[in-house]
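I have placed the structure first, in the form of structure tokens, so that the comments after it can refer back to it.
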Amino acid sequence: MSLQFELRSNPKPHSESERDAILADPGFGLHFTDHMAVATWTAADGWHDSAIVPYGPFSLDPATAVLHYAQQIFEGLKAYRHEDGTIWTFRADKNAERMIRSAHRLALPPLDAEDFLCSIEELVAADVAWVPTAPEQSLYLRPFMFATEAFLGVRPAKRVTYCCIASPAGPYFASGVKPVSIWISTVYSRAAPGGTGAAKCGGNYAASLIAQQEAASQGCEQVVFADAKEHCWLEELGGMNVYLVTTDNELITPELTGSILEGVTRDSILTLAPEFGLTPVERRIAIDELLEGVGSGKVTELFACGTAAVMTPIGTLKNDVGSYQVGSGESGETTLALRQKLLDIQYGRTEDTHAWLRRIL
Ligand SMILES: *Cc1c(COP(=O)(O)O)cnc(C)c1O
């Protein structure tokens with residue numbers, strides 16, 4: 001039996017003027033809508049108690065398992081308002097499938113894809129007034145699941161909470177599409193072979209923050225990680241996959257080795273590449289090969305990609321040896337063209353030839 005997400009309306013929603021003020025300048029991840037989707041899983045009863053409820057704090061016992069052993073996963077996707085007012089998600093089925101894979105890795109109970117999609121659709125329907133109308137803005141959706149059993153023993157929890165919250169989002173980087181500088185971390189790793197790198201779990205982010213701090217202290221905006229075993233293969237950023245464009249018209253991204261998160265944006269770009277005369281390639285890329293290619297001009301463009309920021313050009317790479325400018329240091333032509341194509345599909349401005357959109361309202 002699939003779950004129902006019936007609406008229990010918030011008796012105290014934001015006023016229209018409060019909401020308008022937020023939507024005028026939403027930022028990213030700062031403001032939340034009036035409702036959230038919730039469901040509970042217990043070992044005895046499976047998933048139940050699902051509903052759309054007023055947005056608000058959880059009350060957690062200090063012994064709640066997630067606070068001690070980090071049994072937690074999440075997803076990130078967006079609802080887009082098209083010119084005609086209709087509202088759509090982009091490849092949400094991919095997020096549903098990935099959440100099931102992440103749940104498996106973290107020994108959490110899978111939530112059926114159908115229930116995941118239903119929770120999102122009912123939440124967006126309840127808070128439809130929060131889906132921005134301004135160009136390039138969207139309603140960011142954050143489904144997550146965590147162990148709520150109050151128990152300090154170490155084993156998979158017998159009580160788990162699923163929740164989805166929604167947040168109106170302007171551009172992820174306040175400065176707009178501007179090339180970022182990236183620190184190549186060789187001291188810290190994000191994920192190790194056999195670890196949780198391919199799962200979207202908070203713990204991976206916790207492990208990445210010190211490297212992000214290191215990047216900032218080196219004057220860089222983001223950090224890119226090498227593999228944890230040899231420290232010489234390019235992997236990804238803390239929350240974005242990475243691509244390079246070469247003079248051979250290859251669009252190359254590190255192959256999925258188990259310690260790289262399989263991004264929906266990454267996959268979409270692989271699919272779109274041939275439409276731009278580019279050969280999509282998934283293979284191992286040595287950091288040395290990257291730096292040599294950037295130095296010789298063979299690597300013409302470098303960019304990061306993920307749902308939140310879509311595609312971000314990388315203008316400069318830096319490590320403890322030196323600083324390397326990618327191409328002209330400006331946003332690359334291919335990067336900008338692919339980015340525009342993705343946005344045009346997401347916002348319904350071009351034909352959705354891959355059937356990636358799903359109408360919510
Ligand atoms: C979410 C995430 C990405 C990007 O995935 P998308 O599905 O494209 O948003 C990349 N790397 C990591 C580590 C992530 O958590």
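Quick note: residue numbers are just sequence positions, from 1. No hydrogens, no waters, no symmetry mates; every other heavy atom, side chains included, goes into these values. We count ligands from 1, going down the list as the structure has it; atoms in each ligand are counted the same way.
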Checklist outcome for this item: Residue, atom and distance of the protein heavy atom nearest atom 15 (O) of ligand 1 read Tyr205 OH, 2.5 Å
Checklist entry - Should we count CD of Glu114 as having more than 12 external heavy atoms under 6.0 Å? => result no
Item to check | Closest approach of any protein heavy atom to atom 3 (C) of ligand 1, naming residue and atom | outcome: Gly239 O, 3.3 Å
Checklist entry - Does Ala308 come within less than 4.0 angstrom of ligand 1, counting non-hydrogen atoms of the residue? => result no
Checklist entry - Within the structure, does Glu262 bring an N/O atom to less than 3.5 angstrom of an N/O atom in ligand 1? => result no
Next on the checklist: Would Arg190 count as a polar contact of ligand 1, with the cut-off being nitrogen or oxygen pairs under 3.5 Å?
Outcome noted: no
Item to check | Closest approach of Ser208 to Phe225 (non-hydrogen atoms, all atoms of both residues) | outcome: CB-CZ, 3.7 Å
Item to check | Under 4.0 Å to a heavy atom of Gly263 - the qualifying atoms of ligand 1, by number | outcome: 5 (O), 6 (P), 7 (O), 8 (O)
Checklist entry - Looking only at distance, does Arg98 have an N or O less than 3.5 Å from an N or O of ligand 1? => result yes
Item to check | Pair Arg349 + Glu136, salt bridge at N-O below 4.0 Å | outcome: yes
Next on the checklist: Taking the ring of Trp130 and the ring of His14, is the distance between their centroids below 6.0 Å?
Outcome noted: yes
Item to check | Polar contact flag for Thr307 and ligand 1 (N/O pairs, less than 3.5 Å) | outcome: yes
Next on the checklist: Parallel, tilted or perpendicular, judged at 30° and 60°: which one describes the rings of Phe90 and Tyr80?
Outcome noted: perpendicular
Checklist entry - Counting both backbone and side chain atoms, is some N or O of Val264 under 3.5 Å from an N or O of ligand 1? => result yes
Next on the checklist: Ring centres under 6.0 Å, that's the criterion: do Phe58 and Phe146 meet it?
Outcome noted: yes
Checklist entry - Counting only heavy atoms, which portion of Leu261 has something under 4.0 Å from ligand 1: side chain, backbone, both, or neither? => result side chain
Next on the checklist: Tell me the protein heavy atom at minimum distance from atom 8 (O) of ligand 1, and give that distance in Å.
Outcome noted: Thr265 OG1, 2.6 Å
Checklist entry - Quick one: which ligand 1 atoms are inside 4.0 Å of a heavy atom on Met240? => result 10 (C), 11 (N)
Next on the checklist: Using ring centroids (six-membered ring only for Trp), state whether Phe74 and Tyr205 fall under 6.0 Å.
Outcome noted: yes
Checklist entry - Does a side-chain heavy-atom distance below 4.5 Å link Phe276 with Thr334? => result no
Next on the checklist: Geometry only, no angles: is Lys200 polar-contacting ligand 1 at N/O separations under 3.5 Å?
Outcome noted: yes
Checklist entry - With side chains defined as the heavy atoms from C-beta onward, is the minimum distance between Leu338 and Leu251 less than 4.5 Å? => result yes
Next on the checklist: Please tell me whether Thr148 and Thr161 have a donor and an acceptor in their side chains that are separated by less than 3.5 angstrom.
Outcome noted: yes
Next on the checklist: If we only consider heavy atoms of Asn241, is any one of them less than 4.0 Å away from an atom in ligand 1?
Outcome noted: yes
Checklist entry - Near Gly306, which atoms of ligand 1 are under 4.0 Å from a heavy atom of that residue? => result 4 (C), 8 (O), 9 (O)
Checklist entry - Looking only at protein heavy atoms, which one is nearest to atom 11 (N) of ligand 1, and how far off is it? => result Glu236 OE1, 2.6 Å
